[in-house]
Asks: 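One structure, as structure tokens, below. Some questions next.
By convention here, the first residue in the shown sequence is residue 1.
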Amino acid sequence: VQLQASGGGLVQAGGSLRLSCAASGRTFSNYNMGWFRQAPGKEREFVAAITETGSSTYYNYFTGGRFTLSRDGAKNTVTVYLQMNNLTPEDTAVYYCAAASLAPSNWYISNAMDYWGKGTQVTVSS
């Protein structure tokens with residue numbers, strides 16, 4: 001089972017990044033998927049999630065319409081994408097991909113995910 005995150009990097013404020021998470025090893029088409037992030041000295045927080053069918057997405061308030069989450073693939077090979085635009089230094093964090101049977105509407109209050117990726121660093125300079 002593997003969730004491989006990529007796409008992080010250093011970008012100036014106002015710039016964009018696209019994170020990818022390639023999930024394999026299980027039937028991830030049956031899982032809700034999404035992203036959390038953790039900034040230095042802060043707790044891990046929910047960013048965005050998408051249902052197993054891709055029909056619904058959920059975003060934390062701070063994304064403010066700047067982030068878009070999508071997914072494609074089927075069965076054992078699923079990829080989720082987090083397009084992040086108009087980034088600010090406050091978005092600097094390690095971003096973690098996650099998969100869970102827990103409904104995305106509950107991801108705001110629980111980080112009890114079934115699977116976690118290793119994280120990818122996003123650094124936004126001012």
Side-chain angles (χ1 to χ4, degrees):
V1 175
Q2 186 175 16
L3 273 66
Q4 184 65 50
S6 62
L10 173 64
V11 65
Q12 289 188 333
S16 299
L17 284 173
R18 188 193 195 204
L19 305 185
S20 298
C21 175
S24 61
R26 289 196 68 91
T27 309
F28 281 101
S29 55
N30 292 339
Y31 285 82
N32 306 301
M33 298 189 67
W35 295 86
F36 287 75
R37 71 183 187 184
Q38 188 166 17
K42 295 187 177 181
E43 294 187 353
R44 190 171 297 189
E45 62 182 350
F46 167 69
V47 177
I50 188 167
T51 55
E52 59 188 276
T53 62
S55 60
S56 297
T57 50
Y58 299 78
Y59 298 93
N60 207 331
Y61 74 95
F62 57 74
T63 61
R66 302 176 297 130
F67 293 8
T68 303
L69 184 63
S70 61
R71 67 185 288 166
D72 65 17
K75 294 186 177 180
N76 291 350
T77 305
V78 173
T79 304
V80 291
Y81 304 96
L82 184 65
Q83 177 67 43
M84 305 187 295
N85 298 326
N86 196 21
L87 287 162
T88 73
E90 289 69 36
D91 295 314
T92 294
V94 177
Y95 284 69
Y96 295 92
C97 178
S101 54
L102 182 70
S105 56
N106 291 324
W107 287 33
Y108 299 91
I109 58 173
S110 173
N111 61 4
M113 302 294 107
D114 294 306
Y115 301 101
W116 289 98
K118 288 189 176 181
T120 184
Q121 176 70 48
V122 171
T123 303
V124 185
S125 63
S126 58

Asks: Please tell me if the side chains of Glu52 and Ser29 come closer than 4.5 Å, counting only heavy atoms from C-beta onward.
Replies: no
Asks: List in chain and number order the residues that pass side chain to side chain donor-acceptor pair (under 3.5 Å) with Ser56, two or more places apart in sequence or in another chain; answer none if no residue qualifies.
Replies: none
Asks: For Ala103, give me all partners under side chain to side chain contact (heavy atoms under 4.5 Å, CB included), at least two apart in sequence or on another chain.
Replies: Ser105, Asn106
Asks: My understanding is that only residues two or more places apart in sequence, or in another chain, count here; which of them pass ring pair (Phe, Tyr, Trp, His ring centres under 6.0 Å) with Tyr108?
Replies: Phe46
Asks: Scan residues 39-49 for pairs that pass side chain to side chain donor-acceptor pair (under 3.5 Å), counting only residues two or more places apart or in two chains.
Replies: Arg37-Glu45
Asks: What residues, two or more places apart in sequence or in another chain, satisfy side chain to side chain donor-acceptor pair (under 3.5 Å) together with Asn76?
Replies: Thr27
Asks: Holding to side chain to side chain contact (heavy atoms under 4.5 Å, CB included), I want the full list of residues that pass it with Asn85, two or more places apart in sequence or in another chain.
Replies: Ser16, Gln83
Asks: So do Asn32 and Leu102 actually touch side chain to side chain, heavy atoms under 4.5 Å?
Replies: no
Asks: So if you build clusters from Ile, Leu, Val, Met, Phe, Trp, Tyr with side-chain heavy-atom gaps below 4.5 Å, do Leu82 and Trp116 land together?
Replies: no
Asks: Is there a donor in the side chain of Thr123 and an acceptor in the side chain of Gln121, or the other way round, less than 3.5 Å apart?
Replies: yes
Asks: Taking atom types as modelled and ignoring hydrogens, do the side chains of Asp114 and Ser101 form a donor-acceptor contact shorter than 3.5 angstrom?
Replies: yes
Asks: Is there side-chain contact between Tyr59 and Leu69, with at least one heavy-atom pair below 4.5 Å?
Replies: yes
Asks: Would Val94 and Thr120 count as a side-chain contact (heavy atoms from CB on, under 4.5 Å) here? Give the steps.
Replies: CA-CA 5 Å; Val94 177; Thr120 184; over 6 Å; no
Asks: What about Met84 and Val11, same hydrophobic cluster or not, with Ile/Leu/Val/Met/Phe/Trp/Tyr joined at side-chain heavy-atom distances under 4.5 Å?
Replies: yes
Asks: Applying ring pair (Phe, Tyr, Trp, His ring centres under 6.0 Å), can you list everything that pairs with Trp107, at least two apart in sequence or on another chain?
Replies: Phe36
Asks: Group every Ile, Leu, Val, Met, Phe, Trp and Tyr by side-chain heavy-atom contacts under 4.5 Å, then state whether Ile109 and Met113 land in the same group.
Replies: yes
Asks: Distance check, rounded to the nearest 0.5 Å: Lys118 atom NZ versus Cys97 atom SG?
Replies: 13.5 Å
Asks: Applying side chain to side chain contact (heavy atoms under 4.5 Å, CB included), can you list everything that pairs with Thr77, at least two apart in sequence or on another chain?
Replies: none
Asks: State, with a plain yes or no, whether a side-chain heavy atom of Ser20 is found less than 4.5 Å away from one of Val80.
Replies: no
Asks: Not counting sequence neighbours, which residues clear ring pair (Phe, Tyr, Trp, His ring centres under 6.0 Å) with Tyr115? List them please.
Replies: Phe28, Tyr31
Asks: Could you please spell out the steps behind the side-chain contact (heavy atoms from CB on, under 4.5 Å) verdict for Leu17 and Val122?
Replies: CA-CA 8 Å; Leu17 284 173; Val122 171; 3.8 Å; yes
Asks: Would you mind listing every ring-ring contact (aromatic ring centres under 6.0 Å, His included) that reaches into residues 61-96, with sequence neighbours excluded?
Replies: none
Asks: My understanding is that only residues two or more places apart in sequence, or in another chain, count here; which of them pass side chain to side chain donor-acceptor pair (under 3.5 Å) with Ser24?
Replies: none
Asks: Just by modelled atom types, is the Ile50 backbone N or O under 3.5 Å from a matching donor or acceptor in the Thr57 side chain?
Replies: no
Asks: Could you see if Val1 belongs to whatever hydrophobic cluster contains Met33? Use Ile, Leu, Val, Met, Phe, Trp, Tyr and a side-chain cutoff under 4.5 Å.
Replies: yes
Asks: Test of understanding: with side chain to side chain donor-acceptor pair (under 3.5 Å), list the residues that count as partners of Arg66, not counting sequence neighbours.
Replies: Asp91
